[in-house]
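Taking it in order: structure first as structure tokens, then the write-up.
Note that the structure is predicted; figures quoted are calculated from it, not measured.
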2 protein chains.
Amino acid sequence: MAVTLADVAARAGVSSATVSRVLNGNYPVAGSTRERVQRAVEDLDYVVNGQARGLAAATSDLVGVLVNDVADPFFGLIASAVQAEISDPSAPGGGKLAVVCNTGGSPEAELTYLTLLERQRAAGVVITGGAVEGAEHSAAVAARLARLAESGTRIVLCGRPPLEQPAMEIPVTTVAFDNRGGARRLTEHLLSLGHRRIGYVAGPADRTTTRHRLEGHRAALADHALPSTGPAVDRLTVHGPYDRSSGYDAALELLRREPALTAVIAANDTVALGVCAAVRDQGLSIPDDVSVAGFDDLPFSVDTAPALTTVRIPLQEAGARAGRLVMGRQAPPPGGLATIRTELMVRASTARPRAGSA
Amino acid sequence: MAVTLADVAARAGVSSATVSRVLNGNYPVAGSTRERVQRAVEDLDYVVNGQARGLAAATSDLVGVLVNDVADPFFGLIASAVQAEISDPSAPGGGKLAVVCNTGGSPEAELTYLTLLERQRAAGVVITGGAVEGAEHSAAVAARLARLAESGTRIVLCGRPPLEQPAMEIPVTTVAFDNRGGARRLTEHLLSLGHRRIGYVAGPADRTTTRHRLEGHRAALADHALPSTGPAVDRLTVHGPYDRSSGYDAALELLRREPALTAVIAANDTVALGVCAAVRDQGLSIPDDVSVAGFDDLPFSVDTAPALTTVRIPLQEAGARAGRLVMGRQAPPPGGLATIRTELMVRASTARPRAGSA
DNA sequence: CTGTTAGCGCATTCAC
DNA sequence: GTGAATGCGCTAACAG
């Protein structure tokens, strides 16, 4: 069916070995024969068979990118940056293809996709987003990663903490986000405005990202000598998935539990949109009655009304870096861990609470 | 290095052919030997080599998904739906991996990625988003698609018109969007509210999507006996890329050209965000001074303030359908073309123009 | 039902 | 510099 190396060789009057050499350009070949081969390639519209090449040379043009969901801008931005970086044909080892896998945050799906990528002998894997906490699952993932790493697959974690103790031998590079610090500065901002009754809409309960952001929040509360543990705080905390409707429901619940709430922090910007909608639907104004803040600084956050106060994560830069690392094009950071700074973006959705309401 | 079929065979005391058979389950194998093999597979943690399998069986687990940019929610939603659909392991032929390629709308990049996917002998390719108009490029793409189709790669176009005349022999299924009809209904909505001076921020000049939406807009104008061609209309039309800043700049330009503008239609919702920002920055109110409308109904559009009037495209459904088609899991529509309906979503960003201003 | 035998298309020793 | 031979790991006839 398709034209093969042998066809090209026949047409150029050389052996297939020679064709292979000019194609890969890593062996000396006489200029004249090289030209003849190249012409034959063009004449026949020859396209190498990646599978055969991969099998023979034990290489692969694929890089896996695990995300919760590419439709979520948070992951879309990272995936886009990774893809752009690895496919750059001018870079050494470039021209790789990105295999995007939606795990939906499910540990099982994560393992399934890692196996699928191992099956393809992927050149690298970038795992993005927070991890599900739990020893069993961590161990299972670590085991798969160990196998992958052993077979030469480069592994980069992006937006997730490094592997835990027993798995630290595995050569994995991590690009982590400073979720804790960002959350802390965000809460400090609200506290300094005078807020004291702050609702917190956290993400799914067993995720590292959720925990870190919550820890930052509570650290800020503790700094201000406010209760940071116990029922008083738990009462103002609601968990839910990372979507708009979750934010909507959570905000209603928080307002029910504490009608005198003056501020709400959301797990991320998408959730914050739902919170805003709920607050408005209750006839309350933002930020006059209730301040609202998000996390991530997704592109739309500057265009909500009022513009959303949030914590910026340079997702694009982080993804690009992860892409370079997984290509081995950039030296890993010391200790294999780079922590990306986050930045508080103060906008119009947060303000001082009404006089007398604090 | 890695454990192979032969290793499993040795361990199970059978031939490698038998192992292959139980793995693929398409040949009768005795229950007892099957169990023995399966145990060996587990013991050795065997994972098939996809490249070798693909080479031997002339198959592939990859499906290419060409998008402008996955970070753009429009494409992210489609890509996500395609991915989910093709990776479903329970479906026949399922468990495929999605190779996401950002073309940035560039014809050259599109061709490059199609070649890369041909190299991988992809099982299918989904090409999303509007096409660049132009005979040369269309022909080049058609040629590549013909080669791909001939080699058994299923091809689906999603959000782009079908192939033109000379290439119609190529077996390609198209899931098109009714951009023209949607744009027409949107403009009719504004006209019926009483708007007569409507600015139009169009997308990049040489894209099918841009043209179709513009055509729908002008058809509506013509229906109302308003000028639909010529300098009067051109004056109220500005072209630009599909991003926020483009919308911002375009809105300023339109307001400069026609300060008495009462409405602006944007190429899509992202552009509309920029338009809204510009309008507000000019001290004008939406919709009291100027109505603004978008296109696509991206998730954030319901949460802008005021909520954006727009034309909904069921991107998720379209992507899922494209995914099923590319897997051959759903019969192609008659004529190979399915046109997805679009729906006008009237929200708060459009209203009657100020009395006397019409 | 199962083992044997050939390739799939290419990279890569090893000779020349 | 170039060709011939071997094998990557697996599937698919072909026998039995």
Side-chain angles (χ1 to χ4, degrees), chain A residues 1-38 40-41 44-62 93 115-116 118-123 151-152, chain B residues 1-38 40-41 44-62 93 116 118-123 147 151-152:
Chain A
M1 294 296 292
V3 20
T4 73
L5 249 203
D7 298 331
V8 177
R11 173 138 181 148
V14 297
S15 76
S16 62
T18 301
V19 178
S20 172
R21 285 173 186 132
V22 338
L23 253 42
N24 294 304
N26 29 353
Y27 273 93
V29 174
S32 63
T33 63
R34 154 173 297 126
E35 282 180 20
R36 226 156 8 106
V37 168
Q38 278 167 340
V41 167
L44 271 48
D45 247 324
Y46 172 72
V47 175
V48 270
N49 183 323
Q51 296 178 323
R53 165 183 289 184
L55 181 58
T59 62
S60 164
D61 290 336
L62 304 180
T115 303
L116 254 32
E118 179 179 348
R119 171 184 300 188
Q120 299 297 327
R121 304 298 188 258
S151 71
Chain B
M1 296 294 292
V3 19
T4 72
L5 249 203
D7 298 332
V8 177
R11 179 136 175 137
V14 297
S15 76
S16 60
T18 301
V19 178
S20 173
R21 285 174 187 132
V22 338
L23 253 42
N24 295 304
N26 30 354
Y27 272 93
V29 174
S32 63
T33 62
R34 152 173 299 125
E35 281 179 21
R36 222 151 14 101
V37 170
Q38 280 166 340
V41 167
L44 271 47
D45 247 323
Y46 172 71
V47 175
V48 271
N49 183 322
Q51 296 178 323
R53 164 183 290 185
L55 181 58
T59 62
S60 165
D61 289 337
L62 304 180
L116 253 33
E118 180 178 348
R119 172 184 299 188
Q120 299 298 327
R121 303 299 187 257
R147 290 173 54 90
S151 72

Distance in angstrom units between [X] [atom1] and [N] [atom2], rounded:
X        : N      : atom1 : atom2 : result
B:Leu55  : D:dT11 : CG    : P     : 11 Å
A:Arg121 : D:dG9  : CZ    : P     : 8 Å
A:Asn49  : C:dA11 : CG    : C1'   : 13 Å
A:Gln120 : D:dC8  : CD    : C1'   : 16 Å
A:Arg53  : C:dT12 : CZ    : C1'   : 13 Å
A:Leu5   : D:dT2  : CG    : C1'   : 15 Å
A:Asp61  : C:dC10 : CG    : P     : 13 Å

For A:Arg11, give me all partners under salt bridge (charged side-chain N to carboxylate O under 4.0 Å, His left out), at least two apart in sequence or on another chain. A:Asp43
A:Ser60 meets the side chain to side chain donor-acceptor pair (under 3.5 Å) criterion, sequence neighbours left out, with none
Polar side-chain atom of B:Gln51 near backbone of A:Thr59 as donor-acceptor pair, under 3.5 Å: yes
In short, the helix from C:dC1-D:dG16 to C:dC16-D:dG1 is bent end to end, axes from five pairs each side, to 10°, by 30°
How long is the gap from CZ on B:Arg119 to CG on A:Asp61, to the nearest 0.5 Å? 6.0 Å
Just the table, please: protein N/O against nucleotides 12-15 of chain D N/O, every pair under 3.5 Å.
unit_1, atom_1, unit_2, atom_2, d
D:dA13, N6, B:Arg21, NH2, 3.0

Side-chain atoms of residues 27-37 of chain B: list all donor-acceptor pairs with protein atoms under 3.5 Å, sequence neighbours left out, distances to 0.1 Å.
unit_1, atom_1, unit_2, atom_2, d
B:Thr33, OG1, B:Ala30, O, 2.9
B:Arg36, NH1, B:Ala12, O, 2.7

Looking at every non-hydrogen atom in both residues, tell me the closest pair between B:Ser15 and B:Ala9 and how far apart they are. C-CB, 3.7 Å
Shortest non-hydrogen contact between A:Arg121 and B:Val48, atoms and distance: NH1-O, 3.5 Å
Does the side-chain contact (heavy atoms from CB on, under 4.5 Å) test come out yes or no for A:Asp7 and A:Leu44, once each step is laid out? CA-CA 8 Å; A:Asp7 298 331; A:Leu44 271 48; 4.1 Å; yes
Return the nearest nucleotide to the side chain of A:Pro28; candidates are D:dC10, D:dG1, C:dC10. D:dG1
What nucleotide among C:dT2, D:dG3, C:dG9 has an atom nearest to a side-chain atom of A:Val14? D:dG3
Just so I know, are the side chains of [X] and [Y] near enough to count as touching, which here means a heavy-atom distance under 4.5 Å?
X       : Y       : value
A:Val19 : A:Tyr46 : no
B:Val41 : B:Val22 : no
B:Leu55 : A:Asn49 : yes

Does D:dG3 have its OP1 or OP2 closer than 4.0 Å to a side-chain nitrogen or oxygen of A:Ser15? yes
Mind running a 4.0 Å heavy-atom check of residues 30-38 of chain B against DNA chain C and sending the residues that fall below it, in number order? B:Ala30, B:Thr33
